[in-house]
Amino acid sequence: MQGDTATLTRTVNVILLGPPGAGKGTQAELLVKNHGLLQLSTGDMLREAKASGSELGQRVAEVMERGELVTDDIVIGLIKEKLSNADAKGFIFDGFPRTLAQADALGQLLEEFDIKLDAAIELKVDDKILVQRILHRAEQAKAAGQPVRADDNEETLVQRLEAYHAQTAPLIAYYEGKGVLKSVDAMGAIDTIAKELSAIVS
Ligand code: AMP
């Protein structure tokens, strides 16, 4: 992606908001690559805990497999720990916050660590294509001999979408009220969306 790599003159901190399958992870990885930001994905942290068989991992495994949200305290604790130990050009919060309580807690943490939130970027995608995208992701992983996420199946996806609409979608109005919301059409090609995000971050 030539031309998209920009040297940031100051730190940039963004939240990626959007339903499962909107491309948050993919776009976060591109922002890491192109702008040197640090991706903080609570989903990845929880999957790591699960894979390690830690006590936390065992506690969250079933909730994740049902497609429900783990408790606010757990994810807020994970983010707090990362922010305490990280030194980066900026952060991409990927999949966090997912509830209003998490958003309030993040606001307090950012104040505590003297970090300015530049934008909450909403990736907008129709529910109809999300199911297709996620099932496709699972098929691709399987074909490549990679492990398939335990929650990438149609049944769990319905629950994940419900959780998104009930608990996470209200964050769009929350960040709009704070004057930091940016909405991006995330139905198109990965590269096109990445360019829009790069422009916001730069
Ligand atoms: P993700 O990889 O972001 O799709 O997250 C996978 C699963 O991890 C979600 O369906 C939830 O069960 C859990 N999870 C990830 N992030 C959060 C969060 N911020 N709050 C609650 N649960 C979360």
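Counting starts at 1 for both ligands and their atoms, in listed order.
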- Going by distance only, is there an N or O of Asp44 that falls short of 3.5 Å from an N or O of ligand 1? no

- Message: Under the rule for side chain to side chain contact (heavy atoms under 4.5 Å, CB included), what residues qualify as partners of Lys82, not counting sequence neighbours?
- Response: Leu40, Met45

- Numbering as shown, the atoms of ligand 1 that approach Thr42 to under 4.0 Å (heavy-atom distance): 15 (C), 16 (N), 17 (C), 18 (C), 19 (N)

- Message: Using a 4.0 Å cut-off to any heavy atom of Asp151, which atoms of ligand 1 qualify?
- Response: 6 (C)

- Query: For atom 1 (P) of ligand 1, which candidate among Lys50, Glu62, Gln159, Arg98 holds the nearest heavy atom?
  - Reply: Arg98

- Any side-chain heavy atom of Leu106 within less than 4.5 Å of one from Leu117? no

- Would you call Arg59-Glu55 a salt bridge at under 4.0 Å N-O? yes

- Note: ligand 1 atoms sitting under 4.0 Å from heavy atoms of Leu69 are 21 (C), 22 (N)

- State, with a plain yes or no, whether a side-chain heavy atom of Ile115 is found less than 4.5 Å away from one of Leu83. yes

- Ligand-side contact atoms (ligand 1) for residue partner Leu46, heavy atom cut-off under 4.0 Å: 8 (O), 13 (C), 14 (N), 15 (C), 23 (C)

- Message: With a cutoff of 4.0 Å, is Lys24 in contact with ligand 1, counting heavy atoms of the residue only?
- Response: no

- Task: Using distance alone, decide if ligand 1 has a nitrogen or oxygen within less than 3.5 Å of any nitrogen or oxygen in Gly95.
- Result: yes

- Message: At less than 4.0 angstrom from any non-hydrogen atom of Glu68, what atoms of ligand 1 do you find?
- Response: 11 (C), 12 (O)

- Query: Do we see a donor-acceptor contact under 3.5 Å between the side chains of Ser183 and Glu122?
  - Reply: yes

- Message: Please list the nearest protein heavy atom to atom 7 (C) of ligand 1 with its residue and the distance rounded to 0.1 Å.
- Response: Met64 CE, 3.9 Å

- Please determine if Val70 has a nitrogen or oxygen closer than 3.5 Å to a nitrogen or oxygen of ligand 1. yes

- Item | Where ligand 1 meets Arg160 - atom numbers and elements under 4.0 angstrom, heavy-atom basis | 4 (O)

- Arg149 touching ligand 1 at heavy-atom level, < 4.0 angstrom: yes

- Item | Donor-acceptor contact below 3.5 Å, side chain Arg160 vs main chain Pro20 | no

- Check whether any side-chain heavy atom of Leu69 lies under 4.5 Å from a side-chain heavy atom of Val75, and answer yes or no. no

- Under 4.0 Å from a heavy atom of Gln102: give me the atoms of ligand 1 that qualify, with their elements. 18 (C), 19 (N), 20 (N), 21 (C)

- Message: Using side-chain heavy atoms (C-beta onward) and a distance below 4.5 Å, is His35 in contact with Ile92?
- Response: no

- Query: With a 4.5 Å heavy-atom cut-off, do Val201 and Leu37 have their side chains touching?
  - Reply: yes

